[in-house]
Amino acid sequence: MTITEAAVALQARRISATELTSMALDRINKLDPKLNAFITVMEENARAQARQADEELAQGLDRSPLHGIPVAVKDVFSTQGVRTTCGSKVFADYIPRRDAAVIEKLKAAGAILIGKTNMHELAYGITSTNPHFGAVRNPWDLERIPGGSSGGSGSAVAADMVFMAMGSDTGGSIRIPASFCGTVGLKPTFGRVSRYGAMPLDFSLDHMGPLTRSVRDAALTLKVLAGFDLRDDTSSRQPVDDYLPTEKVLIRGLRIGVPENFYFRRVDPATAQAVRQTAQTAEALGGHIIPVRVPDIPAINTIGRIILLSEASALMERHLAHRENFGADVLALLDQGRLLSAADYVNAQRLRRMAQQEFQALWRHVDCLLTPTTPTAAPKIGQTTVDTGEGAEDVRIASTRLVRAINVLGLPALSIPCGFNEGGLPLGLQIIGPAFQEAVILRVGAAIEDATDYSRQRPNLL
Amino acid sequence: LGDGLTWLLASHFGLKYNELPWRAHSMPKNWKLIATGLNLDIPEGDLEKLQPVLDGLEAALRPLVETIPHQTEPAIRFQCDPEEHS
């Protein structure tokens, strides 16, 4: 069941928020011992919120399409009075005094907050094999990673524990778990969703967005979350669109760019074939598929790595006196950042401006880009390299290779399921749009989703 | 050779700046010395593991830096009036 379907059932009184919440908690109780998707389950809070949601519905008050819907948030989002760990030993006992802007908006929309999801330590990695809270597992294959850093959110949505789980994305951390777990993941434009109260990893690259079971669910969640927030210096005053694609959404005449360079190199054949096949589907729906050459993505990835290493190390420097508090992979990244020079950081930010201007020209020719999200399906837990047929590549570099640049550019990007490999693992496709054109990429995603059935397939966990 | 002449030669031969023979082997940074100079408490074994990664990053970044026009400002904003942002 999707949010859209559950909202209809709630309005028709065929089901109550209390029942939906009980179902979500039962499923978490059954499956989380296997998946380890949650750090904190807020059972009492959730049941109380659900009762309130039902009372309001009975009085005719329907706050939003999320009213009465069980959701979860990555443990980066500050929750008043509820522990917020950021997946880190450093913040293991941190209890915020205020809610993050995202939490405020979800509460105001009537959503039921079921719990806080597990993640890669400090949101600084893509495996979600957390040394302090345990490895999150992929519902499609328990021996595999769910991706990260929003791995618990991907796992919880794919396993039908919650209808939507919030993630954060600094170098692919919403889209990678969406790709590996077979869910939808939306990284909005930088500035579209307030970062206030979300524990930062990188001030200029962090984006907040939902992982959901369908594109329309991502769209209606964005509508709830989007908007200006004075408390976030990077928040945008751009008007909030109506993101929800219509029931019989059309993409006739839309110019969909498929990169000729970079994006299909070092990609496993199953993924490349699934994305190209989806492009054909989009063409059959009336979209114009336009081969394009994209700017130098490896260069933009380098810029992104310099910025991330520098900003994350600046942020965590005061905690580094206690090296034992960090996992080895995160510590190595924090050390790298401390060794870079201030000049390198400033130059990376200057190069970022140049890359943004160069990419801007692309949007004169196409309305969106269609690429693979990750070059492979989910790797195994503990696997350090992947091989797409052109030699071994570090899992972390490979998994972020097709997504990181989009954080540097701040553009909106949507990952949707586009097929399965021969091992039955989901594959992901990325739709990238111009700044603040979330409505366009959601429209394309919904049209593809309507024409295929990949989003509706579920792992067999019970 | 000065930067201007280097650019001219690079464009004349259809090469990228750092593909010119005298630019191709830029001096690698001594990360150990940098760590010592900055008084960073990174154990030597950890530092050794970081070296190839940092060398790779440096090799990727340096040619890009050469392409930045002098007047390009960083993509970082600061505003005195917090009400005026965005």
Side-chain angles (χ1 to χ4, degrees), chain A residues 190-192 203-205 228-238 296 298-303 305-307 309 311 313 317 320-323 328-329 331-341 343-358 394 396-397 408-410, chain B residues 3 7 10 14-19 26-86:
Chain A
F190 191 68
R192 180 73 298 174
F203 307 108
S204 68
L205 294 172
F228 176 71
D229 184 352
L230 193 59
R231 299 166 298 181
D232 175 355
D233 258 0
T234 60
S235 185
S236 170
R237 290 184 193 270
Q238 285 275 337
D296 189 350
I300 304 175
N301 283 341
T302 297
I303 296 165
R305 285 178 67 199
I306 299 281
I307 294 171
L309 288 167
E311 293 194 18
S313 295
E317 191 170 37
L320 281 168
H322 296 282
R323 296 174 68 82
D329 62 329
L331 191 57
L333 292 169
L334 293 171
D335 282 341
Q336 286 172 46
R338 292 203 289 170
L339 288 160
L340 296 176
S341 72
D344 285 348
Y345 172 72
V346 173
N347 278 331
Q349 289 285 15
R350 295 171 77 204
L351 286 160
R352 182 186 204 176
R353 189 178 291 282
M354 291 165 65
Q356 187 187 25
Q357 285 161 357
E358 202 180 346
D394 184 291
R396 297 168 299 179
I397 299 289
V408 177
L409 299 164
Chain B
D3 273 1
W7 271 115
L15 294 169
K16 287 181 183 166
Y17 189 84
N18 264 41
E19 287 170 350
S26 59
M27 189 77 84
K29 282 185 176 170
N30 186 332
W31 302 107
K32 199 173 162 184
L33 211 59
I34 292 171
T36 308
L38 292 172
N39 199 21
L40 301 179
D41 56 345
I42 305 174
E44 200 165 324
D46 289 0
L47 203 52
E48 271 168 24
K49 283 185 211 158
L50 300 184
Q51 261 168 347
V53 183
L54 288 165
D55 285 344
L57 204 53
E58 180 71 15
L61 178 68
R62 208 49 51 205
L64 298 174
V65 170
E66 308 280 2
T67 67
I68 308 175
H70 189 70
Q71 71 281 10
T72 303
E73 295 200 9
I76 306 169
R77 285 184 314 175
F78 169 74
Q79 56 283 319
C80 286
D81 182 354
E83 295 292 330
E84 283 182 1
H85 72 83
S86 295

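It should be emphasised that the depicted structure is a prediction, and the values quoted were computed from it without experimental measurement. Because only heavy atoms are used, hydrogens play no part in the values below, and waters and symmetry mates are left out as well, while side chains stay in. Protein chains get the first letters and strands the later ones, always in sequence-line order, with residue 1 at the start of each.
Contacts with chain A (heavy atom to heavy atom, under 4.5 Å) involve these residues of residues 35-42 of chain B, listed by number: B:Ala35, B:Leu38, B:Leu40, B:Asp41, B:Ile42.
A donor-acceptor pair under 3.5 Å links the side-chain atoms of A:Arg353 to the main chain of B:Pro74, judged by distance alone.
Counting heavy-atom pairs under 4.5 Å between each of B:Ala75, B:Pro43, B:Ala60 and chain A puts B:Ala75 at the top.
In this structure, CD on B:Glu73 lies 9.0 Å from CZ on A:Arg350, to the nearest 0.5 angstrom. Rounding to the nearest 0.5 Å gives a distance of 5.0 Å between CZ of A:Arg305 and CG of B:Leu57. B:Glu58 contributes atom CD, which lies 5.5 Å from atom CG of A:Asp344 (distance to the nearest 0.5 angstrom). Between the CD1 atom in B:Ile76 and the CD atom in A:Glu311 there is a gap of 7.0 Å [rounded to 0.5 Å].
Counting only heavy atoms from C-beta outward, the side chains of B:Pro69 and A:Met354 approach each other to under 4.5 Å.
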N/O donor to acceptor pairs below 3.5 angstrom from side-chain atoms of residues 46-56 of chain B, sequence neighbours left out:
from, atom 1, to, atom 2, distance (Å)
B:Asp46, OD2, A:Arg323, NH2, 3.1
B:Asp55, OD1, B:Trp31, NE1, 2.7

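For A:Phe203, no part lies under 4.5 angstrom from a heavy atom of chain B. If you measure heavy-atom distances from A:Leu333 to chain B, you find no contacts under 4.5 Å at all.
By the neighbour-count criterion of 12 heavy atoms within 6.0 Å, atom NZ of B:Lys32 is sparsely surrounded, having that number or fewer from other residues, nucleotides or ligands.
The only option from A:Ile303, A:Asn347, A:Leu351 that meets the side-chain contact (heavy atoms from CB on, under 4.5 Å) definition with B:Leu61 turns out to be A:Leu351.
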